[in-house]
Amino acid sequence: MQRISDTTWLIIILAAGIGLRVAVLWTQFDHLAEDRDAYRAIAQHVAAGQGYLHPQTQQPTAYRPPAYTLIVAALLKTGLNDAGIAALHLVLGAGTILLSYATARRLGLSRFSLVAAAITAVDPLLLQSTTLVMTETLAAFLLALLFWTIAPNTDSTPPTNGRLLSVGLVFGLNALCRPTIWAFGALAAAWWILRRVGRQNVVNPLPILLGILLITSPWVVRNIMVLGRPILTTTHGGYTLLLGNNPVYYHEVVGGDWNTVWSGESLKNWQDGLEREIQKQDPPITTEIARDRWMNDRAHDNIAAEPGFFLRASFLRLVRGLWGVVPLQEPTSISGRILKYSVCAFYVIVLAGMILGLCSLKKNQWPEWMPAALLLVSFTLVHTCYWANMRMRTPLMPVIALFVAQGCWAIWHWRGRSLKTKV
């Protein structure tokens, strides 16, 4: 019997991934009309030629990163609206599957590259993000693209300056989509310095830095011109830090039972109280930058006042949030419970495979895999302090899938050696 080729399997996996996304969009198409994080509202201002404005203040804003918003604005400008966003997410999802496979091939995982493609095809977080007007789908695609550009050439030749420039350009796009990537950039820079000090061969960083500068500088220059500050990321960081470090969250959620979630009513009351407190400040807080700085300072004050709760909250952010396996919301129907625990089983297997893949790496493999490991570490460090839930892990899934594929590759080779030993 003739073995099915890798190309045929890849086509099957890609078709399955697209089919699942179409099915999710079909059943939850109304979710595309929601605007939880105001990306659509800002995009509507851009599409109307009014500028990058905050939907509440109608003033120039840097509250949300621009990459996804500008793409949505372009779609709204053409009149495609929800259908256009759905099509965009389908294309990005398909691209993420293909890039996961291609990167795994570059890392020498041969047929096991199909494992990476399969995980990105069926991952529940990636599927759900297809229905949300949020950055996760684009961020996952851009991270997959970044690691495809970083992965070594199959012929082991050193990367050209053009290739390194492309790494910088794609990193810059990631930064304009999800600023968390800057933490990875800092760890990667530290790793480069350590290798340079250790007299190991390292790449020339100048083309990478040039690429990053070319992509991110327009955002910085724009912020200088309209906001008066060279903002590289966003003005959203203070709120995200305060959201996970305030007395209400500490005492109601962190101090509650394991499955306690922050109820919508309590969250809204806290947000309303926060606004009243800001309005009472003297001197008045009148700018977006000042609000961000005030929230950041208030979060640090809360951490200093209750360090024990901060440590407990950090633990929950990682174990129940970023690296959680069980959705906290309890479904009311039997089908909902089955789905919930199916998702749980999937992530238990995937995260176990990721750990196995990490542990199976040999010394000579680490230089190629270190960027992927640093990405996981950087996101973990960021969400130790900042707000986190399972959705925050969505952009990481293509990289997690690479480690799972590596784990499967290692099991296969260990099994092969074991059988040879017995013979």
Side-chain angles (χ1 to χ4, degrees), residues 17-18 21-22 24-25 28-29 31-55 60-99 120 125-149 166 168-182 211-212 214-223 226 231-236 391-392 394-395 397-398:
I18 294 174
R21 283 159 174 78
V22 170
V24 172
L25 282 166
Q28 302 180 27
F29 192 78
H31 289 190
L32 291 172
E34 299 176 3
D35 193 22
R36 303 181 190 179
D37 289 347
Y39 286 106
R40 180 193 290 272
I42 299 173
Q44 287 172 336
H45 285 298
V46 176
Q50 299 166 349
Y52 203 89
L53 307 181
H54 195 286
T61 183
Y63 194 67
R64 295 294 181 189
Y68 180 71
T69 312
L70 294 178
I71 295 174
V72 172
L75 292 172
L76 296 179
K77 185 73 174 177
T78 63
L80 293 174
N81 298 321
D82 292 350
I85 296 172
L88 168 69
H89 288 181
L90 284 176
V91 171
L92 292 174
T96 302
I97 296 168
L98 293 174
L99 286 167
T120 53
L125 288 171
L126 288 171
L127 293 177
Q128 187 61 40
S129 69
T130 307
T131 69
L132 304 175
V133 185
M134 295 182 179
T135 59
E136 279 76 13
T137 301
L138 178 61
F141 170 79
L142 289 175
L143 267 177
L145 181 60
L146 177 63
F147 278 84
W148 178 73
T149 62
S166 68
L169 293 172
V170 177
F171 182 95
L173 289 173
N174 273 273
L176 295 183
C177 180
R178 291 290 281 258
T180 312
I181 196 70
W182 286 111
I212 295 172
L214 288 173
I215 294 296
T216 60
S217 57
W219 175 243
V220 176
V221 171
R222 176 264 179 190
N223 290 333
V226 300
I231 299 169
L232 181 61
T233 55
T234 66
T235 55
H236 184 60
R391 184 170 60 86
M392 306 298 180
T394 307
M397 289 311 302

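This chain uses plain numbering: 1 for the first residue, then up along the sequence.
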Self-check item: Smallest separation among heavy atoms of Ala140 and Thr394, with atom names
Solution: CB-O, 4.1 Å

Self-check item: Gap separating the CG atom of Leu176 from the OG1 atom of Thr135, nearest 0.5 angstrom
Solution: 12.0 Å

Quiz item: Do Thr137 and Ser129 meet the criterion of a side-chain donor-acceptor pair at a distance under 3.5 Å?
Solution: yes

Quiz prompt | Donor-acceptor pair, side chain of Asn174 and main chain of Ile181, under 3.5 angstrom | solution = no

Practice problem: To the nearest 0.5 angstrom, please state how far the CD atom of Gln28 sits from the OG1 atom of Thr130. | Solution: 9.5 Å

Exercise. Could you tell me whether the side chain of Arg40 and the main chain of Leu32 form a donor-acceptor pair under 3.5 Å?
Key: yes

Quiz prompt | Ile97 vs Arg21 side-chain heavy atoms within contact, under 4.5 Å | solution = yes

Exercise. Indicate the atoms forming the closest heavy-atom contact of Gly51 with His45, along with that distance.
Key: O-CB, 3.3 Å

Exercise. Let me know which of Leu143, Ile212, Leu146 forms a side chain to side chain contact (heavy atoms under 4.5 Å, CB included) with Val170.
Key: Leu146

Practice problem: Using a 4.5 Å cut-off on heavy atoms from C-beta on, say whether the side chain of Thr69 contacts that of Val72. | Solution: no

Quiz item: If only atom types and distance count, is the side chain of Trp219 paired as donor or acceptor with the main-chain N or O of Pro65 below 3.5 Å?
Solution: no

Quiz item: Does one side chain, of Gln50 or Gln44, offer a donor that lies under 3.5 Å from an acceptor on the other?
Solution: no

Quiz item: Between Arg222 (side chain) and Pro218 (backbone), is there a donor-acceptor pair under 3.5 Å?
Solution: no

Exercise. Look only at the side chain of Tyr52 and the backbone of Arg64, and say whether a donor-acceptor pair between them is shorter than 3.5 Å.
Key: yes

Quiz item: Is the closest side-chain donor-acceptor distance between Glu34 and His31 under 3.5 Å?
Solution: no

Quiz prompt | Option among Leu80, Leu132, Leu75 that satisfies the side chain to side chain contact (heavy atoms under 4.5 Å, CB included) test with Ile85 | solution = Leu75

Quiz item: Is any side-chain heavy atom of Thr235 less than 4.5 Å from a side-chain heavy atom of Asn223?
Solution: no

Quiz prompt | Val133 side chain reached by Tyr68 side chain, heavy atoms, under 4.5 Å | solution = yes

Practice problem: List the steps, then state whether side-chain hydrogen bond (donor to acceptor under 3.5 Å, both in side chains) holds for Glu136 with Gln128. | Solution: CA-CA 10 Å; Glu136 279 76 13; Gln128 187 61 40; over 6 Å; no

Quiz item: Can you tell me if Asp37 uses its side chain to pair, donor with acceptor, with the backbone of Met134 under 3.5 Å?
Solution: no

Exercise. Hey, could you give me the CG/CG distance between Leu98 and Leu145, rounded to the nearest 0.5 Å?
Key: 12.0 Å

Exercise. Could you grab the distance from atom CG of Leu142 to atom SG of Cys177, nearest 0.5 Å is fine?
Key: 5.5 Å

Self-check item: Evaluation steps, side-chain contact (heavy atoms from CB on, under 4.5 Å), between Ile42 and Leu53
Solution: CA-CA 6 Å; Ile42 299 173; Leu53 307 181; over 6 Å; no

Quiz prompt | Distance-only side-chain donor-acceptor flag, Tyr63 / His236, under 3.5 Å | solution = yes

Quiz prompt | Atom pair CD1/OG1 of Ile231 and Thr233 - distance to nearest 0.5 Å | solution = 7.5 Å

Exercise. Check whether any side-chain heavy atom of Thr216 lies under 4.5 Å from a side-chain heavy atom of Trp182, and answer yes or no.
Key: yes

Exercise. Would you mind reporting whether Asn81 and Leu76 have side-chain heavy atoms less than 4.5 Å apart?
Key: yes

